[in-house]
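Following: one structure in structure tokens, then a few remarks.
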Amino acid sequence: QVQVVESGGGLVQPGVSLTLSCVASVRAFAGYSVVWFRQAAVKERDFVAHINWDSGRTYYVDSAKGRFVISRDIANNTVYLQMNSLKPDDTAVYFCSASPSTLVSRAAGAYNYWGKGTLVTVSS
């Protein structure tokens, strides 16, 4: 099974960019889907973006289209989430997860392997 570790969160001002990283350990992401979810305080964990590791095909929630970019670095077994023009509403703990299924799902329950998350705070 794959294990994932997120990093890259922090406190940033509105309007700036931030890139989160998700590194796989134990085994590589090959054959997996990798996703980013986020969870704001007292809210549910919401889908943000999905990438098929093998094909590189991506899928985004509507609110992330045009601002966020999910990508992969095959050599380093890492998935990134580049977030641009950050807003206070983007404040949340961001989680990376993976599933051996290549189907796109917005449901957190569809993904098996979760990291501990990385906190992103957007505030002036």
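Note that this is a predicted model, so its numbers are computed, not measured.
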Look up atom [atom1] in [X] and atom [atom2] in [Y], then write down how far apart they are to the nearest 0.5 Å.
{"X": "Gln82", "Y": "Ile70", "atom1": "CD", "atom2": "CD1", "answer": "12.0 Å"}
{"X": "Phe68", "Y": "Leu18", "atom1": "CZ", "atom2": "CG", "answer": "9.5 Å"}
{"X": "Phe29", "Y": "Asn52", "atom1": "CZ", "atom2": "CG", "answer": "12.5 Å"}
{"X": "Asp90", "Y": "Ser123", "atom1": "CG", "atom2": "OG", "answer": "12.5 Å"}
{"X": "Ile51", "Y": "Tyr80", "atom1": "CD1", "atom2": "OH", "answer": "11.5 Å"}

Answer yes if [X] and [Y] sit in the same cluster of Ile, Leu, Val, Met, Phe, Trp and Tyr residues linked by side chain heavy atoms under 4.5 Å apart, and no otherwise.
{"X": "Leu119", "Y": "Leu86", "value": "no"}
{"X": "Val5", "Y": "Trp53", "value": "no"}
{"X": "Val61", "Y": "Tyr94", "value": "no"}
{"X": "Ile74", "Y": "Val35", "value": "no"}

Taking [Y]'s backbone N and O only, do any of them form a donor-acceptor pair with [X]'s side chain (distance below 3.5 Å, no angle check)?
{"X": "Glu6", "Y": "Gly117", "result": "yes"}
{"X": "Asn76", "Y": "Asp73", "result": "no"}
{"X": "Thr118", "Y": "Gly9", "result": "yes"}
{"X": "Gln3", "Y": "Tyr113", "result": "no"}
{"X": "Thr91", "Y": "Val122", "result": "yes"}
{"X": "Asp54", "Y": "Gly31", "result": "yes"}
{"X": "Arg67", "Y": "Ser85", "result": "yes"}

*Decide side-chain hydrogen bond (donor to acceptor under 3.5 Å, both in side chains) for Ser17 and Asn84; before the verdict, give the C-alpha distance in whole Å, the side-chain angles of both, and the deciding distance to 0.1 Å.*
CA-CA 4 Å; Ser17 298; Asn84 302 312; 2.9 Å; yes

_Arg27 CZ: over 12 foreign heavy atoms closer than 6.0 Å_ = yes

Do the side chains of [Y] and [X] get nearer than 4.5 Å, heavy atoms only?
{"X": "Arg38", "Y": "Val93", "result": "no"}
{"X": "Val48", "Y": "Tyr60", "result": "no"}
{"X": "Phe47", "Y": "Trp36", "result": "no"}
{"X": "Val79", "Y": "Ser71", "result": "no"}
{"X": "Val4", "Y": "Ser97", "result": "no"}
{"X": "Val23", "Y": "Asn77", "result": "no"}

*Between Phe95 and Trp114, what is the ring plane arrangement, given parallel below 30°, perpendicular above 60°, and tilted in between?*
perpendicular

*For the residue pair Phe37 and Tyr111, does the interplanar ring angle fall in the parallel (under 30°), tilted (30 to 60°) or perpendicular (over 60°) class?*
perpendicular

*Does a donor on one side chain and an acceptor on the other come within less than 3.5 Å for Tyr59 and Arg106?*
yes

*If we ignore angles and hydrogens, is there a donor and acceptor under 3.5 Å between the side chains of His50 and Ser33?*
yes

*Return the set of residues passing salt bridge (Lys or Arg N to Asp or Glu O under 4.0 Å) with Asp62 (not counting sequence neighbours), or none when no residue passes.*
Lys65

